[in-house]
Amino acid sequence: MEKYKILFVCLGNICRSPAAHGVMQRLIEDEGLDSVIEVDSAGTYGGHQGQLPDHRMRRHAARRGYDLTHRSRPVVQNDFTHFDMIVAMDDGNARDLKWMARTDITHRLVMMGDYLTPGQKHSYVPDPYYGGP
């Protein structure tokens, strides 16, 4: 049986998408689904390639029991065919992904906001990079 593959995407792949990746990976492991679900994350911007997630994100994740060790990488063309689901953190990420794909990815692309609890302040995942702790 082939694994179902999920890719989380934000701008730089150092805050939002590695956090989503880390949380989802833990859920997959806790449910014993490692053999059927693969998860990864990437960014639409490659300027942080090879870096660990932002130190603030790692610190907040660690407080919640998550160890974020993913190294940033940019989205590559193969991602659009390799992954069954591509989860964009915000509308800008989704727009960039559609442009980068050079093909219709509507059937693969979903918004992380679709999975947030109703009534939240935002319908997307705000980018914390230029914020405080």
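FYI, side chains are in, hydrogens and waters are out, and symmetry mates aren't considered; it's all heavy atoms of this structure.
With side-chain heavy atoms closer than 4.5 Å counting as contact, directly or through intermediates, Leu52 stands alone and belongs to no larger hydrophobic cluster.
Residues Met24 and Leu109 do not share a hydrophobic cluster, defined by chaining ILVMFWY side chains whose heavy atoms lie under 4.5 Å apart.
In this view, Asp90 and Arg16, Asn93, Tyr124 satisfy the side-chain contact (heavy atoms from CB on, under 4.5 Å) rule, not counting sequence neighbours.
Rounded to the nearest 0.5 Å, atoms CD1 (Ile14) and NE2 (His70) are 11.0 Å apart. With rounding to the nearest 0.5 angstrom, the CG atom of Leu97 is 5.0 Å from the CZ atom of Phe80.
At a threshold of 4.5 Å between non-hydrogen side-chain atoms, the residues His60 and Tyr66 do not count as touching. For the pair Asp30 and Ile28, the minimum side-chain heavy-atom distance is 4.5 Å or more. With contacts defined as side-chain heavy-atom distances shorter than 4.5 Å, the pair Asp127/Met89 does not qualify.
Aromatic pair Tyr129/His48: ring centres closer than 6.0 Å.
By the 6.0 Å contact criterion, NZ on Lys98 is open, its count of non-hydrogen atoms from other residues, nucleotides or ligands being 12 or less.
Sequence neighbours left out, the pairs with a member in residues 64-78 that pass salt bridge (charged side-chain N to carboxylate O under 4.0 Å, His left out) are Asp40-Arg73, Arg73-Asp79.
Side-chain contact of His82 with Glu38: a donor-acceptor pair under 3.5 Å is present, judged by distance alone.
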